[in-house]
Engineer: 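The structure that follows is given in the form of structure tokens.
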Amino acid sequence: MTSSAELLEKYRRVLPSFLSPYFDEPISIERGEGSWVFDTEGERYLDFFGGVLTTMVGHANPAVTEAIREQAGKTLHTSTLYLSAPMLDLAEQIAELSGIPDARVFFTTSGTEANDTALLLATSYRRSNQVLAMRNSYHGRSFTAQAITSHASWSSTSLSGLQVGFVQGGYKLRSPFADLDDEGFTDACARDLVQLLDMTSAGDVACLIAEPIQGVGGFTVPPDGFFGALKKELDNRGILFVSDEVQTGWGRTGDHFWGYQAHGIVPDILTFAKGVGNGITLAGCVARAEIMDTIDVLNFSTFGGNPLSAAAGAATLGYVLDNDLQANAKAMGARFAEALTPVVADTPWIAEMRGRGLMWAFEICHPGTLEPDRDRTAAVLEGCKAGGLLVGKGGLYGNVIRLAPMLDIVEEDLDHGIDVLRSTITDLS
Ligand code: PMP
């Protein structure tokens with residue numbers, strides 16, 4: 001078998017330099033089982049990142065594997081030129097779950113393409129190329145998705161056909177309004193939105209796209225009701241609200257099935273990806289029919305919702321619902337927070353622990369300041385790995401540790417991960 005060192009040499013030789021693997025000594029995951037993975041060198045790790053929140057119901061989940069195996073034995077692909085029961089059944093289920101009235105579902109292969117679709121719909125429906133996004137946002141890697149990404153480390157170009165305004169409020173810790181209480185903060189951001197619209201837009205704006213909890217941005221959580229306050233201003237002007245649920249969907253936040261539900265609103269458009277296929281490429285966009293049907297020419301995605309991805313999606317979603325994994329996310333999230341809050345309180349270099357359900361982050365700074373400490377962040381990542389725990393990194397300055405255990409994680413595994421985190425933090429203090 002090829003060693004990790006040989007694979008790393010090949011990675012550097014054949015892949016673009018903008019890709020980079022985690023760790024001083026990157027690993028190659030050969031197989032997984034539930035919340036655990038095994039690398040090619042035979043090491044076992046507890047997986048608290050799921051390949052960026054994508055393996056959602058465990059590695060090699062038997063229900064998902066069996067559904068894929070069964071569908072693969074029939075046909076992998078037919079396209080939307082033919083009627084496909086797996087795709088239509090899944091669309092019906094997602095339309096129902098979305099909470100959007102008279103919903104239509106368009107399947108794509110990635111979150112990027114789903115958000116691209118949302119922008120196409122909103123700008124066509126509103127006949128405007130002006131869109132709003134939140135500061136510190138990430139929505140994907142395509143030309144359009146990059147235009148609405150407000151995150152210097154992930155913004156590869158400023159060229160765009162869209163006119164984009166960036167709204168305050170995604171990231172309270174570093175906001176100019178950070179010193180206000182939640183209500184004051186929300187109010188200040190809503191008033192700033194009014195000014196942004198009055199002063200910097202021309203004519204009608206198409207939409208505001210937002211992640212209810214910013215993923216790449218470091219799991220930043222706005223106050224409950226925050227997007228409700230913004231949406232009031234949007235509604236006054238007919239501006240659509242697009243909820244990017246790529247990381248926050250399917251019960252991940254514990255309290256709700258969708259991130260938007262913490263804000264007392266229903267979005268006009270919702271996008272999803274990542275976890276719903278448990279690793280198989282499945283994503284999409286949900287919108288009211290009057291918005292979806294704005295596109296009155298032919299428009300299709302070759303692979304979007306193909307029978308294989310739809311079978312994986314149906315099995316994953318079925319597993320989430322049958323086992324009430326939203327409730328598990330809530331319970332395990334509370335257990336996680338209870339165990340680690342005191343550790344963080346005693347650690348001056350963790351500026352903030354934030355999150356919800358099974359999405360938690362530690363923002364790492366030099367003690368007593370908000371000056372990002374990337375070195376210590378890297379040390380936490382390495383320390384966890386040495387303890388047999390895989391965690392993620394992110395945040396505007398690359399100084400946030402992100403934790404997203406599987407939605408079906410059991411107490412014993414969660415507690416093991418907590419122990420590794422606790423001792424890693426203590427060792428580095
Ligand atoms: N939206 C959000 C919130 C994301 O986190 C991501 C991926 N990290 C995307 C969109 C893009 O999804 P994909 O990588 O599947 O294109």
Side-chain angles (χ1 to χ4, degrees), residues 15-16 18-20 22 49-56 106-122 131-151 153-156 162 164 166-167 170-171 207-222 227 241-250 252-253 258-260 262 267 269-286 301 303-306 309 312-313 316 355-361 392-396 398 400 402-404:
L15 299 185
F18 54 72
L19 295 174
S20 109
Y22 273 167
F49 205 39
V52 199
L53 290 84
T54 300
T55 306
M56 181 169 81
F106 179 72
F107 287 112
T108 65
T109 52
S110 69
T112 296
E113 200 195 343
N115 284 331
D116 200 284
T117 306
L119 292 172
L120 178 67
L121 292 176
V131 303
L132 302 173
M134 301 304 295
R135 294 195 187 187
N136 198 45
S137 62
Y138 178 82
H139 295 289
R141 57 155 298 283
S142 68
F143 203 47
T144 10
Q146 284 283 284
I148 51 164
T149 287
S150 160
H151 199 293
S153 347
W154 292 88
S155 296
S156 55
L162 296 170
V164 187
F166 289 103
V167 176
Y171 188 13
C207 66
L208 166 65
I209 180 164
E211 302 153 85
I213 295 175
Q214 291 177 329
V216 166
F219 292 178
T220 65
V221 191
F227 287 112
F241 183 80
V242 182
S243 193
D244 177 338
E245 299 279 353
V246 167
Q247 298 211 10
T248 47
W250 322 109
R252 165 72 57 190
T253 66
W258 302 108
Y260 76 73
I269 304 176
L270 176 157
T271 58
F272 61 86
K274 289 199 188 281
V276 65
N278 207 41
I280 295 285
T281 49
L282 176 65
C285 180
V286 189
S301 166
F303 292 121
N306 80 14
S309 60
T316 305
R356 180 160 216 163
L358 283 173
M359 270 181 108
W360 285 98
K393 216 165 50 148
L396 185 59
V400 177
R402 292 191 289 161
L403 306 146

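This is a predicted model, so every value here is computed, not measured. Both ligands and their constituent atoms are indexed starting at 1 by order of listing.
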Engineer: Can you say whether the rings of F107 and F272 are parallel (under 30°), tilted (30 to 60°) or perpendicular (over 60°)?
Structural biologist: perpendicular

Engineer: One residue to check: H139. Relative to ligand 1, which of side chain, backbone, both or neither has a non-hydrogen atom less than 4.0 Å away?
Structural biologist: backbone

Engineer: How far is atom 15 (O) of ligand 1 from the closest protein heavy atom, and which atom is that?
Structural biologist: G111 N, 2.9 Å

Engineer: Measuring from K393:NZ to F49:CZ, what's the distance to the nearest 0.5 Å?
Structural biologist: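 CZ of F49 is found 10.5 Å from NZ of K393.
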
Engineer: Return the option from T248, D244, T271 holding the heavy atom at the smallest distance from atom 1 (N) of ligand 1.
Structural biologist: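 Answer by nearest heavy atom: D244.
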
Engineer: Kindly assign one of parallel, tilted or perpendicular to the pair Y260 and W258, based on the angle between their ring planes and the thresholds 30° and 60°.
Structural biologist: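 Rings of Y260 and W258: parallel, as their planes differ by under 30°.
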
Engineer: Could you check whether any side-chain N or O of T54 sits under 3.5 Å from a backbone N or O of V52, counting only pairs where one atom can act as donor and the other as acceptor?
Structural biologist: yes

Engineer: Can you sort out which atoms of ligand 1 are near G140, meaning under 4.0 Å from one of its heavy atoms?
Structural biologist: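 By the 4.0 Å cutoff, the relevant atoms are 11 (C).
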
Engineer: Quick check against the 3.5 Å criterion: does T281 have a side-chain atom that pairs as donor or acceptor with the backbone of S110?
Structural biologist: no

Engineer: Given that the side chain starts at C-beta and the backbone is N, CA, C, O, which of these parts of K274 lies under 4.0 Å from ligand 1, counting heavy atoms, or is it both or neither?
Structural biologist: side chain

Engineer: Which protein non-hydrogen atom lies closest to atom 4 (C) of ligand 1, naming both residue and atom, and how far is it?
Structural biologist: V246 CG1, 3.7 Å

Engineer: Using a 4.0 Å cut-off to any heavy atom of N115, which atoms of ligand 1 qualify?
Structural biologist: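 Checking each atom against N115, I get 1 (N), 10 (C).
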
Engineer: If we only count heavy atoms from C-beta on, is the R252 to E245 side-chain gap below 4.5 Å?
Structural biologist: no

Engineer: Distance to 0.1 Å, residue and atom name: give those for the protein heavy atom nearest to atom 5 (O) of ligand 1.
Structural biologist: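 Result: Q247 NE2, 2.7 Å.
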
Engineer: Please confirm whether V216 comes within less than 3.5 Å of ligand 1 when only nitrogen or oxygen atoms on both sides are compared.
Structural biologist: no

Engineer: Is the closest side-chain heavy-atom distance between H151 and Y171 below 4.5 Å?
Structural biologist: no

Engineer: When you measure from the side chain of S142 to the backbone N and O of T112, does any donor-acceptor pair fall under 3.5 Å?
Structural biologist: no

Engineer: Could you list which atoms of ligand 1 come closer than 4.0 Å to a heavy atom of E211?
Structural biologist: 3 (C)

Engineer: Can you tell which of V52, T112, T54 gets a heavy atom nearest to atom 16 (O) of ligand 1?
Structural biologist: T112

Engineer: In this structure, does ligand 1 have an atom that sits under 4.0 Å from one of the heavy atoms of S110?
Structural biologist: yes

